[in-house]
Amino acid sequence: GLIAAEVALAVVLLAGSGLLVRTVLELHDVELGFDGSNLLVLELRLSKEAYPEPADQHAFLADLEREMLSRSAVETFAVSSTVPLGRSRSAVWIQFDPDDVPPGFDGSPTEFPGFGGREGEYTANAVTATRSYYDALDLPLLWGRLAEPMAPDAEELEVVISERMASDLWGGREALGEDFRLFDRRLTVVGVIRDVRFGDVRIDYLPTIYFPMERQNLDRTLRVVVET
């Protein structure tokens with residue numbers, strides 16, 4: 001009886017370890033969409049007391065960038081609201097003018113992990129980043145160009161979107177020049193970038209909007225990305 005129980009337990013353990021190894025191998029083959037080699041990511045918190053205004057925040061980041069790039073080991077310095085595979089995700093719900101609804105959008109709520117969809121609105125992941133962010137992570141533009149920074153109170157803003165979002169709504173390259181609304185601002189697509197995985201590697205590519213960080217009001221918690 002004891003030997004039979006030990007054999008049964010050994011079989012269960014072997015089966016479990018086999019599943020674990022297979023899962024690890026499958027995850028190892030998952031395409032992340034970015035190059036994470038030689039990258040250091042730090043979380044940075046800017047207190048309201050020390051940096052009360054956006055100008056104070058941008059001045060600090062400019063000083064930090066100069067200091068970091070003065071070091072021979074640092075090739076690229078970037079700042080963003082979140083990073084691929086990071087814990088933080090920010091969802092936004094965008095709207096379209098009734099006479100300019102994308103051909104790929106039928107008005108149904110968009111499936112988005114951790115956030116509920118809204119009828120008649122498209123849910124997307126939102127990332128705010130400096131222009132150097134794309135170089136640091138080796139994220140190539142598929143079509144178009146990077147967005148130009150604009151004033152924080154500008155009614156219109158240029159953005160870059162992910163391949164998944166471009167494909168979902170406009171079929172791909174046709175997304176260039178299209179626009180949509182977020183709150184009271186009109187956003188125009190000027191570039192499409194390769195898909196990247198955010199959060200759990202088992203989650204499919206999220207439709208993502210990339211906002212230029214320069215000159216914008218910043219989150220209090222940011223991510224610094226250093227490529228060595």
Side-chain angles (χ1 to χ4, degrees), residues 26-36 39 41 78 80-97 100-148 157-183 185-213 219 223 225:
E26 289 175 351
L27 292 178
H28 184 269
D29 292 334
V30 171
E31 178 58 52
L32 301 179
F34 70 98
D35 183 4
L39 287 184
V41 178
S80 64
S81 58
T82 187
V83 291
L85 304 184
R87 296 170 298 171
S88 174
R89 290 200 307 272
S90 178
V92 293
W93 292 266
I94 63 176
Q95 301 172 329
F96 306 98
D97 292 333
D100 196 24
V101 177
F105 184 62
D106 62 4
S108 302
T110 312
E111 293 185 8
F112 195 95
F115 296 89
R118 298 178 181 177
E119 191 74 28
E121 297 179 336
Y122 183 84
T123 311
N125 183 40
V127 178
T128 304
T130 58
R131 294 175 71 88
S132 52
Y133 173 87
Y134 308 98
D135 290 332
L137 275 69
D138 193 22
L139 299 180
L141 273 168
L142 302 178
W143 306 292
R145 59 175 174 81
L146 294 180
E148 293 294 334
L157 190 67
E158 295 182 347
V159 295
V160 171
I161 65 174
S162 66
E163 184 180 9
R164 160 75 187 279
M165 183 172 173
S167 177
D168 278 358
L169 298 177
W170 294 284
R173 187 185 186 121
E174 291 75 13
L176 294 178
E178 297 290 345
D179 56 33
F180 48 89
R181 288 181 291 111
L182 177 62
F183 305 118
R185 308 179 81 175
R186 183 164 297 280
L187 310 182
T188 300
V189 178
V190 298
V192 177
I193 206 161
R194 185 174 63 191
D195 283 325
V196 175
R197 292 189 189 276
F198 287 91
D200 195 320
V201 296
R202 294 167 294 184
I203 297 176
D204 196 7
Y205 296 122
L206 298 175
T208 302
I209 306 173
Y210 294 88
F211 297 86
M213 177 171 285
D219 294 335
R223 279 78 189 173
V225 182

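- Looking at Leu137 and Val196, their side chains never come closer than 4.5 Å, going by heavy atoms from C-beta outward.
- Minimum interatomic distance between Leu39 and Ala136 (heavy atoms only, all atoms of both residues): CD2-O, 3.3 Å.
- Here the OH atom belonging to Tyr205 is positioned 14.0 Å from the CG atom belonging to Asn125, to the nearest 0.5 angstrom.
- With sequence neighbours excluded, the residues satisfying side chain to side chain donor-acceptor pair (under 3.5 Å) with Asp179 are Arg186.
- A donor-acceptor contact shorter than 3.5 Å links the side chain of Arg131 to the backbone of Ala147.
- In this structure, CG in Leu187 is found 5.5 Å from CG in Leu182, a value given to the nearest 0.5 Å.
- The minimum heavy-atom distance linking Leu176 with Trp143 is given by the pair CD1-CB, 3.8 Å.
- When the side chain to side chain donor-acceptor pair (under 3.5 Å) test is applied to Arg173, no partner is found at least two apart in sequence or on another chain.
- Every salt bridge (charged side-chain N to carboxylate O under 4.0 Å, His left out) that Arg164 has, sequence neighbours left out, goes to Asp168.
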Go through it in stages, so that I can follow the logic: the residues are Phe180 and Val189, the test is side chain to side chain contact (heavy atoms under 4.5 Å, CB included), and I'd like the CA-CA distance, side-chain angles, deciding distance and then a yes or no. CA-CA 9 Å; Phe180 48 89; Val189 178; 3.8 Å; yes
Go through Val83 and Val225 one step at a time and tell me if the side chain to side chain contact (heavy atoms under 4.5 Å, CB included) criterion holds. CA-CA 8 Å; Val83 291; Val225 182; 3.8 Å; yes
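- To the nearest 0.5 Å, the span separating CD on Glu163 from CG on Leu142 amounts to 5.0 Å.
- The ring pair (Phe, Tyr, Trp, His ring centres under 6.0 Å) test applied to Phe96 returns Phe105, not counting sequence neighbours.
- A pairwise comparison of heavy atoms in Pro102 and Leu169 identifies CB-O, 3.3 Å as the closest pair.
- What you find for Ser108 and Glu119 is that their closest heavy atoms are CA-OE2, 4.2 Å.
- Glu158 meets the side chain to side chain donor-acceptor pair (under 3.5 Å) test with Arg145; sequence neighbours excluded.
- Judged as a side-chain contact (heavy atoms from CB on, under 4.5 Å), and not counting sequence neighbours, Ser167 has no contacts.
- For the atom pair OH of Tyr122 and CD1 of Ile209, the computed distance is 8.5 Å after rounding to the nearest 0.5 Å.
- The main-chain N or O of Leu206 is found under 3.5 Å from a side-chain atom of Thr208 such that the two form a donor-acceptor pair.
- Scanning for side chain to side chain donor-acceptor pair (under 3.5 Å) contacts around Glu121 gives Gln95, with sequence neighbours left out.
- With sequence neighbours excluded, the residues forming a ring pair (Phe, Tyr, Trp, His ring centres under 6.0 Å) with Tyr210 are Tyr134, listed by chain and number.
- The OG1 atom of Thr123 lies 10.0 Å from the CE atom of Met165; values are rounded to the nearest 0.5 Å.
- Ala166 pairs by the side-chain contact (heavy atoms from CB on, under 4.5 Å) definition with Ile161, Ala175, Val192, not counting sequence neighbours.
- In this structure, CH2 on Trp170 lies 6.0 Å from CD on Glu178, to the nearest 0.5 angstrom.
- Residue Ala126 comes nearest to Ser81 through the heavy atom pair O-OG, 4.2 Å, listed as atom of the first residue, atom of the second, then distance.
- Here the closest non-hydrogen pair linking Asp195 and Ser162 is OD1-CB, 3.5 Å.
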